[in-house]
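To start, the structure under review is shown below, and the notes come after it.
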2 protein chains.
Amino acid sequence: MVAGPTSAGPGKDRLRLWIRLLRASRTIEAELRERLKKEFDTTLPRFDVMAALYRSPEGMLMSDLSRFLLVSNGNVTGIVDRLVSEGLVTRARRNGDRRTSMVRLTEEGSKSFAAIAAAHENWVGELLGNVSEDEARRLTGMLKSFRSNWEGRE
Amino acid sequence: MVAGPTSAGPGKDRLRLWIRLLRASRTIEAELRERLKKEFDTTLPRFDVMAALYRSPEGMLMSDLSRFLLVSNGNVTGIVDRLVSEGLVTRARRNGDRRTSMVRLTEEGSKSFAAIAAAHENWVGELLGNVSEDEARRLTGMLKSFRSNWEGRE
DNA sequence: TTATAAAACTTTAAGCTTGAAATAATTCCG
DNA sequence: CGGAATTATTTCAAGCTTAAAGTTTTATAA
């Protein structure tokens, strides 16, 4: 998925774009993962879950989390398990529907996330340093538009 | 890593860009992974390795592969192990340096990859369908330039 | 030489990831 | 009501991924 087109021809430009996109995100992701590990002894998936929960103080269901994060249900189960065991997150059984449980950041989790998120934003600013703010906005717009076409079509 | 900035302010545009980038590549990647599984009973990492080898008929060292694919050494070991056991790839011990082995596609592997790659290219063309070829080239250029700044700096 | 370092690779432990199967609770309807 | 389908979640097996530690081979240099 990281190798280039094997020949020239029509349609190759989209393939090239995809390969660039993937290489860029993988490289940045690897750098962020490494820093999260070194500086905060945490992982990208844990950070993702905490980021989602930070935006929803009222809590999220497991299915909300997996839908929002674009990962499978079983995946979220394991990550939340570990966050719970670390005291960063709670699972609260609900009276209304006993199949579900509300997942929330603990106070400690919230404080912890705020600190990590600040560093994370600086890192991204650094890693994308030579994209001007203006260029960043334009790129964001282009990415937004090409996503909307086919995403979530089923 | 998929959640948005938690507030407005300077530097947020780069963070937004990063989140878009990540969501886009994850969504496309998930779709491609699923199709590779359904249509060809293979995986993205296997496809990546085969794509790299297809470009190098003379073969690649394990370390070449991991460097090119942006993954760890140990990772490539496992994937190549499985490809070898499937008869798609060979590991040839070299006389010159007995620490290394040349990894190559078998004839079967080469044929198999060509078929998968054709489908893969069509899928990417479809998934990025509403990016014009011209826009694709411009985006590719922007991604290329912002990568070169910091990648491989150490 | 011959120790020592460096290089190429594999192994290992822990965690992430998926899709499919299993559980449990709720909703739908006949 | 009561069986059937649906929904929310967990469990499971297989594979991917990394960092760190270990093995084997080659290069360096005292």
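Letters A, B, ... are given to chains in the order of the sequence lines, protein chains preceding strands, and every chain is numbered from 1.
- Remark: A:E86 engages A:R46 in a salt bridge (charged side-chain N to carboxylate O under 4.0 Å, His left out) (not counting sequence neighbours).
- The separation between A:R67 atom CZ and C:dT18 atom C1' is 18 Å, rounded to whole Å.
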Would A:T140 and B:R20 satisfy side chain to side chain donor-acceptor pair (under 3.5 Å), going step by step from the backbone distance to the final call? CA-CA 6 Å; A:T140 301; B:R20 278 288 166 201; over 6 Å; no

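- Remark: B:S56 engages B:E58, B:M60 in a side chain to side chain contact (heavy atoms under 4.5 Å, CB included) (not counting sequence neighbours).
- What separates CD of A:E34 from C1' of D:dA20 is a distance of 13 Å, to the nearest Å.
- If you take CZ of A:R94 and C1' of C:dT26, they are 12 Å apart, rounded to a whole angstrom.
- The phosphate of C:dA24 (OP1 or OP2) has no side-chain N or O of A:R98 nearer than 4.0 angstrom.
- Rounded to whole Å, atom P of D:dT9 lies 11 Å from atom CE of A:M60.
- The pair A:R35-A:E31 counts as a salt bridge, with a side-chain nitrogen and a carboxylate oxygen less than 4.0 angstrom apart.
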Using a 4.0 Å heavy-atom cut-off to protein, can you give one letter per nucleotide of nucleotides 5-14 of chain C, 5' to 3': B if the base is in contact, S if only the sugar-phosphate is, - if neither? --BSBBB---

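- Mapping A:K37 and B:R46 onto DNA chain D by nearest heavy atom places B:R46 closer to the 5' end of the strand.
- Remark: P of C:dT18 and CZ of B:R35 are 17 Å apart, rounded to the nearest angstrom.
- Per the geometry, CG belonging to A:L32 stands 15 Å off C1' belonging to D:dT18, to the nearest Å.
- For B:R98, the salt bridge (charged side-chain N to carboxylate O under 4.0 Å, His left out) test picks out no residue, with sequence neighbours left out.
- Judged as a side chain to side chain contact (heavy atoms under 4.5 Å, CB included), and not counting sequence neighbours, A:N122 has no contacts.
- Residue B:K38 contributes atom NZ, which lies 7 Å from atom P of C:dG19 at whole-angstrom precision.
- Each of A:G96 and A:P45 was matched to the nucleotide of DNA chain C holding its nearest heavy atom; the match closer to the 5' end belongs to A:P45.
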Side-chain donor-acceptor contacts of residues 72-81 of chain A below 3.5 Å, not counting sequence neighbours, with atom names and distances?
from, atom 1, to, atom 2, distance (Å)
A:S72, OG, A:N75, N, 3.4
A:N73, OD1, A:S66, OG, 2.7
A:T77, OG1, A:N73, O, 3.4
A:D81, OD1, A:R91, NH2, 2.1

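- At whole-Å resolution of the value, CD1 in B:I79 and P in C:dT17 are 15 Å apart.
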